[in-house]
Amino acid sequence: MQRAHANLKLPKHLYLETTSRCNLRCRGCILYRGSWEPQRDLSLKEFIMICEQLPTLERVALHGIGEPLLNPELPDMIQYLKQRKAFVFFNSNGILLDETYQYQLIDTGLDELRISLDAASPAGYKIMRDSDKFDLIISNVQAFSERIKSLHVSHPKLSFWYLGTQENISELPDFVRLAADLGIPEVYLQRLVYFQEDEGYGLAKPEKTLIDSNTAVTKWIHESHEIARQSGIQFNASGLSNPLESLQTNTLNSSPWKRCYRPITLMYITANGNVLPCCISPFATSDYDAIILGNVFDNSLAEIWSGHRYESFRKKRQTENPPKCCKGCGSLWSL
């Protein structure tokens, strides 16, 4: 049994992976190199068991490594959380976002749906995600955007997410134009995270990142900003930071991990019940065992949250030699 302490309040924010299965193998995702965990869907019963242990839940992300729409019990999970007045959102690749799911997501009261696309064309999508589903996704998103407007509802809020790499950054301006054409009000540029201790995998390698970008990359980002401004679109990086700022490493603070709020404000739980420091950690280190802080099927969330593994992780994060996943996350990733 893990040692527990009563002086640390349980988090109000939760990242809960509803499934570890995915219908894509994107070149920037860790699934491209093979999954850390067995493929599994979280059941509704397990989901409620976990959430019931957090009495003050305010904000819940229903995504992790897998594609949430693959879990058939997802609508019931959303409905449960909305009954508890929590803000609910998740990322999706949009392939399964058909008419049935569109109505279900509206009816359940989902607050926000983030579409991860990473391309502005079928050819670009093929490069990034090795899939021919681009046109299907665009059709799904367009239909959903129009349905939300026709029903005169304000939810879910739709946004587009773009994992920027050397392979696709030239399409970013067209990506913003595409969002404007589809009536998507927000676009987010994410930076590529890669394993620090080896050569990486797929596109998740140092030479593919946009960190400390060159003049051409800066030009494309500035152009995208201007297109967004003219179109009335919000354009940010993860965590609402400026996209160019999120790509810089020469900050005044040489230990950015010390400012990270995640280890003291939120929990990230996989479909197999493993509790991790955050959703970025599996992408930033290949030492997976080191980031497992407990398992919800072995101990209560209170025991894990205040236990010795979490406490040791938090203390090490405040040193000049943090856990590998924190150092690998990088400055201003989404703080």
Side-chain angles (χ1 to χ4, degrees), residues 1-18 20 36-38 40 42-65 77 80-81 83-90 193 238-239 253 255-329 333-335:
M1 187 72 70
Q2 298 190 39
R3 182 170 59 91
H5 303 283
N7 61 345
L8 190 62
K9 292 183 179 180
L10 285 166
K12 299 179 180 181
H13 297 182
L14 176 65
Y15 278 65
L16 191 48
E17 185 181 85
T18 51
S20 56
W36 295 123
E37 298 187 357
R40 186 181 192 276
L42 197 69
S43 72
L44 179 61
K45 182 178 179 180
E46 293 167 340
F47 179 89
I48 293 175
M49 178 274 291
I50 293 169
C51 294
E52 287 292 303
Q53 296 180 60
L54 299 172
T56 59
L57 267 182
E58 293 181 356
R59 184 178 179 88
V60 185
L62 298 180
H63 60 248
I65 304 300
M77 295 173 177
Y80 162 81
L81 289 171
Q83 290 172 353
R84 290 188 54 179
K85 310 300 183 185
F87 184 95
V88 187
F89 67 101
F90 65 88
V193 179
S238 301
N253 189 338
S255 304
W257 49 83
K258 292 182 180 180
R259 294 183 289 119
C260 182
Y261 55 79
R262 290 179 174 84
I264 57 174
T265 62
L266 63 82
M267 263 188 169
Y268 173 59
I269 303 173
T270 74
N272 285 272
N274 286 321
V275 177
L276 309 182
C278 68
C279 62
I280 305 168
S281 58
F283 291 83
T285 179
S286 59
D287 187 4
Y288 192 64
D289 289 343
I291 60 174
I292 297 177
L293 304 175
N295 189 284
V296 296
F297 301 128
D298 297 329
N299 297 95
S300 71
L301 291 187
E303 290 172 323
I304 296 170
W305 183 246
S306 297
H308 70 272
R309 290 190 201 174
Y310 237 125
E311 202 163 85
S312 296
F313 183 92
R314 294 185 184 106
K315 288 180 179 178
K316 191 172 183 181
R317 182 182 60 91
Q318 292 301 312
T319 70
E320 298 305 314
N321 184 32
K324 289 181 180 178
C325 62
C326 297
K327 193 166 188 176
C329 176
W333 192 87
S334 58
L335 303 182

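What you see is a predicted model, and the numbers here were worked out from it, not measured in a lab. Residue numbers start at 1 and run along the sequence shown.
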Any donor-acceptor N/O pair, Ser281 side chain to Cys278 backbone, under 3.5 Å: yes

Backbone N/O of Lys9 and side chain of Trp305: donor-acceptor pair under 3.5 Å: yes

Side-chain (Gln318) to main-chain (Lys315) donor-acceptor, under 3.5 angstrom: no

Atom pair CD (Gln53) and CE (Met267), whose distance is rounded to the nearest 0.5 Å: 8.5 Å

CG-CG distance between Leu62 and Leu14, expressed to the nearest 0.5 angstrom: 8.0 Å

Atom pair CG (Leu57) and NZ (Lys85), whose distance is rounded to the nearest 0.5 Å: 14.5 Å

Nearest heavy atoms of Phe313 and Pro263, plus distance in Å: CE2-CG, 4.0 Å

Side chain Glu17, main chain Ile65, donor-acceptor under 3.5 Å: yes

OG1 on Thr270 to CG on Leu42, rounded to 0.5 Å: 8.5 Å

Minimal non-hydrogen separation, Arg84 against Leu54, with atom names: NH2-O, 2.5 Å

Exercise: identify the closest heavy-atom pair between Glu311 and Ser306: OE2-O, 4.3 Å

Gap separating the SG atom of Cys279 from the CD1 atom of Ile269, nearest 0.5 angstrom: 13.0 Å

Residues His13, Tyr261; criterion side-chain contact (heavy atoms from CB on, under 4.5 Å); working and verdict: CA-CA 11 Å; His13 297 182; Tyr261 55 79; over 6 Å; no

Intermediate values then yes/no, side-chain contact (heavy atoms from CB on, under 4.5 Å), Arg262 and Ile280: CA-CA 10 Å; Arg262 290 179 174 84; Ile280 305 168; 3.9 Å; yes

N/O donor-acceptor pair under 3.5 Å between Asn274 side chain and Ile291 backbone: no

Pairwise side-chain contact, Arg59 with Val88, heavy-atom cut-off 4.5 Å (strictly under): no

Residues which pass salt bridge (charged side-chain N to carboxylate O under 4.0 Å, His left out) with Lys316, listed by chain and number, not counting sequence neighbours: none

Euclidean distance, Leu301 CG relative to Cys51 SG, rounded to 0.5 Å: 9.0 Å

Residue pair Arg314, Tyr310: steps toward the side-chain hydrogen bond (donor to acceptor under 3.5 Å, both in side chains) verdict: CA-CA 6 Å; Arg314 294 185 184 106; Tyr310 237 125; 5.3 Å; no

Validation row: Tyr288, Leu276 side chains within 4.5 angstrom (heavy atoms): yes

Where Cys326 and Trp257 come nearest, the two heavy atoms and their spacing: CB-CB, 3.9 Å

Tyr80 and Phe47 aromatic ring geometry - parallel, tilted or perpendicular at 30°/60° bounds: perpendicular

For the student: nearest non-hydrogen atoms of Tyr268 and Gly64, plus distance: OH-CA, 3.3 Å

Heavy-atom pair of closest approach, residues Ser286 and Trp36: O-CH2, 3.4 Å

Those residues that, when tested against Arg40, pass salt bridge (charged side-chain N to carboxylate O under 4.0 Å, His left out) (two or more places apart): Glu46

side-chain contact (heavy atoms from CB on, under 4.5 Å) evaluation trace for Leu16 with Met77: CA-CA 11 Å; Leu16 191 48; Met77 295 173 177; over 6 Å; no

Polar side-chain atom of Glu58 near backbone of Lys12 as donor-acceptor pair, under 3.5 Å: no

